[in-house]
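Everything numeric in this text was worked out from a predicted model, so none of it was measured.
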Amino acid sequence: MTRPDVPTAPDADRSAERDRGYVPQAIEPRWQQEWERSGQHRVDLEDGSREKHYFLTMFPYPSGNLHVGHWYAETPADAAARFRRMRGANVFFPMGFDAFGLPAENAAVQAARRGEDVHPARLTRERIRTMTGQFARMGAMFDWSRTLATCEPEYYRWNQWFFLKAYEKGLAYRKESYVNWDPVDRTVLANEQVIDGRGERSGALVERRLMPQWHFKITDYADELLDFSGLDWPERVRTMQTNWIGRSEGAEVAFEIDAGGEIRTFTTRPDTLWGATFLVLAPEHPRVATVTTDDRRSEVEAYVAEAARMSELDRQAEGREKTGVFTGGYATRPVDGARIPIWVADYVLVTYGSGAVMAVPAHDERDFAFARRFGLEVAPVVQPHGVAPLDGATMTEAWTGGGTMMASGPFDGTPTGTELGEEGGIAKVIRWLEERGIGERKVTYRLRDWLISRQRYWGTPIPMLYCDACGTVPEREENLPVVLPEDVAFMPTGESPLKSHEAFQAATCPSCGGPARRETDTMDTFMDSSWYWFRYLAPDAIDGPIDRNRVAAWTPVHTYTGGIEHAILHLLYARFFTKMIRDLGLISADEPFLRLRNQGMILGEDGEKMSKRRGNVVDPDDLVARYGADAVRAYLMFIGPWDQGGPWNPKGIEGVVRFLHRVWALIEDPAREGGPDATEEAVADLRRAAHTAVAEVTDDLEGFRFNTAVAELMTLQNAMAKLKSRSLAEHAAWDESVRLLLLLLAPITPHLAEELWHRRGYDGSVHLQSWPEVDEEALRTATAELVVQVNGKVRGRITVDADADDATVLTAAKEEANVARYLEGGTLRREIVVPGKLVNLVVSS
RNA sequence: GCCGGGAUGGCGGAACGGUAGACGCAGUAGACUCAAAAUCUACCGGGGAGACCCGUGCGGGUUCGAAUCCCGCUCCCGGCACCA
């Protein structure tokens with residue numbers, strides 16, 4: 001067989017290599033260079049001849065090194081993308097870097113403390129270079145001609161542009177918001193950075209601080225975000241987002257206050273309104289001061305101050321006993337005019353609903369605990385079915401279920417819930433409240449507006465200015481980008497260098513031309529990742545953030561893969577952003593990603609999360625040096641279901657390495673003496689093995705079941721090795737099987753498949769071939785072995801013609817010696833034949 | 001507490017309601033070797049001499065037939081958590 005030269009490998013090396021068998025270290029870099037040279041991964045986005053498939057995998061933060069988790073996320077995704085391409089699609093599979101973020105800035109701050117000079121920009125760019133080099137060794141089909149890094153002004157200027165458009169539409173706004181403030185590092189911390197109420201790095205007690213902050217109005221889209229129709233997303237992710245949005249239906253009810261005015265409360269149980277025996281305000285509620293009487297003032301103020309000192313985390317600590325103080329003020333229960341006391345307690349959150357609740361201790365666990373603690377009245381107004389009448393004085397827990405309304409004026413005897421379409425007490429009370437102007441139907445969400453301000457340096461500057469004459473003014477579009485200055489000195493305190501950067505802050509008001517100050521807050525980095533997939537399609541576009549034609553042709557993204565840890569934040573923001581820019585008229589799609597698949601987490605050998613501290617980190621570079629990229633890829637796919645992740649088993653990869661060596665030997669080594677002749681039966685067995693593998697691997701890759709795809713390839717290798725013989729190796733069926741094996745291996749072990757493909761003398765890249773079709777004829781067998789059960793237990797096996805009819809099968813089954821024993825003396829009640837599988841004879845004695 | 005997901009050999013895991021344990025790891029025996037490694041071959045859930053019996057977290061049920069479907073539990077993992 002002719003063996004055309006494999007590119008860039010001198011013949012001498014080649015023959016030496018051949019003697020050594022499978023040497024991935026020799027073949028992998030060669031093919032990586034060849035693919036790069038031939039431009040195999042550069043996609044023609046304008047190609048209209050094939051089905052387009054945008055296959056996206058979440059871009060990484062440039063942490064400095066690719067770890068095995070990146071390989072676990074990206075190489076199976078690559079296999080799925082390669083599979084799509086072989087199935088005929090024009091696949092766009094880009095990669096870039098989510099390059100803004102805290103770690104790089106923290107490194108700069110820490111360096112500043114040591115008196116050293118590290119700049120996040122320099123550090124990040126360096127890390128991107130390192131990681132790009134490491135990425136090349138994966139053998140993935142990333143189209144690097146369209147990469148991007150979000151920290152570059154060419155990218156983030158469009159963050160600013162989107163921000164301005166959102167601001168124009170009223171979707172970006174500034175309001176006072178409570179944040180976690182670290183007094184030592186002098187910055188706001190994300191919730192994840194607050195551990196047990198203390199700043200992660202400084203160890204300082206985090207304070208709740210009210211600060212003016214920029215927000216996006218994601219809550220405007222709450223209802224639309226609850227709609228997942230048309231999306232092929234894991235149930236788990238949809239549920240998590242649904243819970244996060246937390247839609248609650250109920251009523252808003254106004255309570256008049258003795259001190260004047262009213263306080264609005266939200267409740268999901270307006271049917272319990274007659275049982276509201278007190279009101280509770282959050283400590284931050286604006287009316288606290290005005291309802292408090294003078295004799296209670298010092299106590300209330302002390303309580304409010306104490307609450308302000310505590311972090312939200314501490315306030316919500318599990319099992320914490322309820323605290324609160326009486327304000328001295330009273331409100332009027334609007335349904336019957338009863339006067340009820342007003343309390344302040346930190347179990348009421350200012351950020352939810354209206355920051356005030358009507359407490360119904362008889363029917364709400366939290367209110368019940370509070371009432372008992374402080375000796376407040378418990379008044380049952382819903383009587384559950386089938387139990388003794390509730391008594392507020394002796395109840396030991398709240399009754400939160402349904403029942404019959406009582407002590408509720410006109411509603412006595414009304415059932416609370418809706419039974420079989422009948423309107424229940426909840427709906428009836430709401431209508432009654434609306435008729436009287438006391439309250440109204442209201443939907444509340446747990447979701448809060450997206451706080452995008454960060455008092456940090458390494459992010460996108462928010463393009464707003466503050467002018468003494470004009471107030472808050474947006475930067476002009478033509479002045480973008482507002483460039484993040486790089487001539488900055490990092491403070492050991494951690495304070496953003498922008499706050500002391502005079503040249504950055506001093507600006508001209510775009511409105512009046514007078515002096516103005518620039519906003520020094522930067523944007524949350526989730527902003528960067530909320531639209532990056534549009535930018536990949538035209539990363540160099542300078543007249544707008546996106547290329548509308550390409551976006552129309554290529555989005556929504558057909559397949560998106562990434563870690564489950566982004567189930568809420570990134571994926572929810574991305575959906576919101578897509579809807580927002582749709583409403584800005586830029587795109588027409590409603591959703592960013594049609595099909596979503598999540599991979600699990602790869603753990604250390606000890607089953608724990610990999611960390612330097614534990615010393616259980618597996619370095620992919622070491623593995624590649626030792627076993628080759630293909631072995632690492634195949635093992636990561638083989639380890640188990642992709643969405644489950646699992647512990648790294650250093651012995652496990654050895655099994656996959658052995659498999660790859662066997663594949664090499666199977667195809668490259670001459671057949672030994674002996675082995676089966678190329679009989680009709682052997683040929684049929686071989687073709688059946690190969691085409692079964694085609695069917696199974698196709699199905700598995702379609703369904704992201706990489707583990708069973710690899711197992712199926714191992715099965716094929718085993719079958720071929722058993723059948724391999726001198727006479728069969730001459731047969732066309734052997735060639736066919738080798739060809740199929742290589743095509744099926746191509747997405748999983750791209751280098752090995754390519755090398756052997758060329759060694760077998762096939763033209764062109766294996767990766768540009770069509771995915772094989774199953775020959776149904778080859779799957780057929782002449783005979784079938786059936787299991788014969790008697791009363792559901794296996795008692796024998798029979799071999800019959802594959803197309804034998806039921807009567808023939810049953811006769812053969814009953815004649816089987818062991819089966820006959822069990823039939824003796826009994827009465828045959830039923831005969832079940834599952835074609836090609838089994839026979840079950842039901843006998844009673 | 002609420003919402004998801006899970007529990008199968010010594011281990012990772014397979015299994016359209018139809019032969020439980022594919023594939024691999026580890027292990028046992030053998031071949032090759034002076035020996036070892038590598039490689040190859042066979043075995044590899046438990047009990048039993050055997051026919052067989054038992055076996056997919058636990059208890060019920062549906063079915064000719066259940067790891068798979070239904071009901072009720074236990075435990076583990078993940079997310080959310082005083083959201084009125």
Nearest-nucleotide pick for [X], side chain only, options being [options]:
X	options	value
A:Glu235	B:A84, B:C25, B:G5	B:G5
A:Thr715	B:C23, B:A81, B:A84	B:C23
A:Arg658	B:A26, B:C23, B:G4	B:A26
A:Arg236	B:G24, B:G78, B:C3	B:G78
A:Lys793	B:C52, B:C54, B:A42	B:C54
A:Ala711	B:C23, B:G79, B:C3	B:C23

>> Let's go through A:Thr323 and A:Tyr347 carefully: what are the C-alpha distance in whole Å and the side-chain angles of both, what is the deciding distance for side-chain hydrogen bond (donor to acceptor under 3.5 Å, both in side chains) to 0.1 Å, and is it a yes or a no?
In response: CA-CA 8 Å; A:Thr323 60; A:Tyr347 80 90; over 6 Å; no
If the threshold is 4.0 Å, N to carboxylate O, is there a salt bridge linking [X] and [Y]?
X	Y	answer
A:Arg238	A:Glu235	yes
A:Arg236	A:Asp643	no
A:Arg372	A:Glu397	no
A:Arg705	A:Asp699	yes
A:Glu262	A:Arg264	yes
A:Arg247	A:Glu249	yes

Taking atom [atom1] in both [N] and [M], compute the distance separating them and give it to the nearest angstrom.
N	M	atom1	result
B:G6	B:A67	C1'	13 Å
B:U19	B:G12	C1'	24 Å
B:A38	B:G47	C1'	38 Å
B:C16	B:A22	C1'	16 Å
B:A14	B:G61	P	31 Å
B:U33	B:C52	C1'	44 Å
B:U68	B:G18	C1'	11 Å
B:U56	B:G46	C1'	14 Å

What is the pairing partner of [N], taking Watson-Crick or G-U wobble pairs with both distances under 3.5 Å in any strand?
N	result
B:A7	B:U74
B:C64	B:G18
B:A29	B:U41
B:C52	B:G47

> Which part of the nucleic acid does A:Tyr822 contact within heavy-atom distance under 4.0 Å: base, sugar-phosphate only, or nothing?
Replying inline: sugar-phosphate
>> Using a 4.0 Å heavy-atom cut-off, does A:Asn818 contact any base of the nucleic acid, only the sugar-phosphate backbone, or nothing at all?
In response: sugar-phosphate
Does a nitrogen or oxygen in the side chain of [X] sit under 4.0 Å from OP1 or OP2 of [N]?
X	N	result
A:Asn718	B:A22	no
A:Thr242	B:C3	no
A:Arg795	B:G65	no
A:Arg830	B:C64	yes
A:Arg662	B:C40	yes

> Once each nucleotide of nucleotides 9-19 of chain B is scored for protein heavy atoms under 4.0 Å, what B/S/- sequence comes out, 5' to 3'?
Replying inline: ---BSS-B-BB
Whole-Å gap separating [atom2] ([N]) and [atom1] ([X]):
X	N	atom1	atom2	result
A:Phe706	B:G24	CZ	C1'	18 Å
A:Leu713	B:A22	CG	P	18 Å
A:Glu654	B:C23	CD	C1'	17 Å
A:Leu273	B:A84	CG	C1'	13 Å
A:Gln717	B:A22	CD	P	17 Å
A:Ile568	B:G78	CD1	P	15 Å

> Of A:Ile564 and A:Val348, whose nearest nucleotide on RNA chain B comes first from the 5' end?
Replying inline: A:Ile564
>> Could you work out, with ring pair (Phe, Tyr, Trp, His ring centres under 6.0 Å) as the rule, every residue matching A:Trp274, not counting sequence neighbours?
In response: A:Phe411, A:Trp432
> Quick check: are there more than 12 heavy atoms from other residues, nucleotides or ligands sitting under 6.0 Å from CE of A:Met395?
Replying inline: yes
> How about A:Tyr635 and A:Trp648: are their ring centroids closer than 6.0 Å?
Replying inline: yes
